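Computed from a predicted structure; not experimentally measured. Quick note: numbers below take in every heavy atom, side chains included, and nothing from hydrogens, waters or symmetry partners. We number each residue from 1, following the sequence as shown.
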Amino acid sequence: MPWSNQNGGGGPWGGGGSGGGGNQGPWGQGPNRPRGGGGGKGGPPDLEEIIRRGQDQLKNVVPGGFNGGVFAIVGLLIVGFILINSIYTVQPDERGVEMRFGKPKDEISMPGLHYHFWPLETVEFVKITEQQQNIGGRNSGQSNAGLMLTGDQNIVNVQFSVLFSVTDPKSYLFNVENPSDTLQRVAESAMREVVGRRPAQDIFRDNRQAIAADVKSTIQATMDSYNTGVSVNTVAIEDAAPPREVADAFDEVQRAEQDEDRFVEEANQYANQILGKARGQGAQIREEAAAYKDRVVKEAEGEAQRFISVYDEYSKAPDVTRKRLYLETMQGVLGKSKKVIIDEKNGQGVVPYLPLNEIGRPAQSGGAQ
């Protein structure tokens, strides 16, 4: 063959058929030999040899040999799995209720680390902190949720929430199948009952607090009758609005009522203004009448006192008093008269010229000045 001439009759890898370098591969080594034949030093490791050595090491580690050790390992794994599932932790906002063969125990597991015999015993956790249950409203999944009929035959859409806490975890878990759903249905029924006894105006704005208090007491009484272990803390009415189809009509009614209230307030302000003015005038007239009364009484009392004083003086000297009164009276009467009286006793013989017409003029001109 062609390569026989080039490599001295050896194989295709340059080795002779019976020489010292024969039976070598293309990488400078021959094929692997059997285990008993002492293979080459640079050959790959034997897989059977590796498995045999691993079995020997496992026999030294596991007591009872390889076959018995498997059962021991499986037993340890089962025990470890049971221990892991038998230990549980109760969080601070939770309570645990252990059950043996499905029957609840009387003890309640408080927060902390606990142990029970799993799988013969299991545990259920209940949150005891305050929780919120939203009911009704525009964004509710049910189209008719929150729609209620009032006492005056109006329809309102009420959205409210119930805040509750769990006081008896055992009753909460086992006396009612679905406590949360039961609470929602009871709360909705109680709200419909209370709203149905009142006019729509109460739920809209006038008396929401009283309605919430009545609903809370009704819910609590019903849940206590079911022995659910639930305590209702607060019922809060978040929104109350008419249905969407008649919202415009209700808004118009609200605006009319607001206008009515505004007109009434304006009328009351006007009435108070007029009434206040009339009362002020009446008080002024009464004060003036009282002042006039006091003035007249005081003048009468003064005149009477003057008359009494004159009478006292008259009683002491009647002649002098009569003459003085006569002179004062005549002076008052004749002082205003333009007549001149001449006593004939004083005018004997020729009467001198007297400008009688000029007597009153100086007095008049002096008065004009």
Side-chain angles (χ1 to χ4, degrees), residues 151-152 197-214 250-369:
D152 54 357
R197 298 196 301 260
R198 296 175 177 266
Q201 193 66 24
D202 288 353
I203 189 63
F204 281 145
R205 58 179 180 177
D206 288 349
N207 207 3
R208 286 191 178 184
Q209 296 297 330
I211 292 176
D214 292 345
F250 269 85
D251 293 339
E252 187 66 26
V253 172
Q254 294 295 325
R255 286 192 292 269
E257 291 179 353
Q258 293 175 1
D259 293 339
E260 179 185 2
D261 295 339
R262 180 170 58 85
F263 293 151
V264 170
E265 290 297 329
E266 292 177 354
N268 290 332
Q269 293 178 0
Y270 178 75
N272 293 332
Q273 181 181 0
I274 298 300
L275 183 60
K277 185 182 296 184
R279 289 175 178 173
Q281 293 177 354
Q284 181 181 0
I285 294 174
R286 286 193 298 269
E287 293 296 331
E288 292 177 353
Y292 176 76
K293 173 185 176 181
D294 293 339
R295 181 172 59 84
V296 172
V297 170
K298 294 299 181 183
E299 290 179 355
E301 290 177 352
E303 293 292 336
Q305 188 67 32
R306 188 177 66 86
F307 180 80
I308 293 174
S309 62
V310 172
Y311 176 76
D312 292 339
E313 295 297 330
Y314 172 78
S315 61
K316 294 178 181 179
D319 296 335
V320 176
T321 303
R322 281 197 300 267
K323 188 175 182 179
R324 184 177 63 84
L325 290 176
Y326 172 77
L327 294 176
E328 289 178 355
T329 304
M330 295 303 295
Q331 180 181 359
V333 173
L334 297 177
K336 299 178 182 179
S337 177
K338 295 181 180 181
K339 294 180 180 181
V340 178
I341 301 174
I342 299 175
D343 191 358
E344 60 181 5
K345 295 179 180 181
N346 296 326
Q348 299 293 333
V350 179
V351 178
Y353 171 75
L354 296 175
L356 300 179
N357 296 331
E358 302 295 333
I359 292 177
R361 290 182 181 179
Q364 293 179 358
S365 61
Q369 292 177 357

Original post:
Taking only residues two or more places apart in sequence, or in another chain, which ones meet Tyr326 in a side-chain contact (heavy atoms from CB on, under 4.5 Å)?
Top reply: Met330

Original post:
For Ala210, which residues count as a side-chain contact (heavy atoms from CB on, under 4.5 Å) partner, sequence neighbours excluded?
Top reply: Arg198, Asn207

Original post:
Listed by chain and number, what are the side-chain hydrogen bond (donor to acceptor under 3.5 Å, both in side chains) partners of Asp312, not counting sequence neighbours?
Top reply: none

**OP:** Applying side-chain hydrogen bond (donor to acceptor under 3.5 Å, both in side chains), name anything that partners Glu299, two or more places apart in sequence or on another chain.
**Re:** Arg295

**OP:** State which residues pass side-chain contact (heavy atoms from CB on, under 4.5 Å) with Arg255; sequence neighbours excluded, sorted by chain then number.
**Re:** Asp251, Glu252

Original post:
Does anything in residues 300-311 pair up under side chain to side chain donor-acceptor pair (under 3.5 Å), and if so which pairs, sequence neighbours excluded?
Top reply: Glu303-Arg306

**OP:** Please list all pairs passing the salt bridge (Lys or Arg N to Asp or Glu O under 4.0 Å) test where one or both residues lie in residues 325-335, with sequence neighbours left out.
**Re:** Arg324-Glu328

Original post:
Which pairs, with at least one residue in residues 269-285 and sequence neighbours excluded, count as a side chain to side chain donor-acceptor pair (under 3.5 Å)?
Top reply: Gln284-Glu288

Side-chain donor-acceptor pairs of residues 256-263 under 3.5 Å, sequence neighbours excluded:
{"residue": "Arg262", "atom": "NH1", "partner": "Glu266", "partner atom": "OE2", "Å": "3.4"}

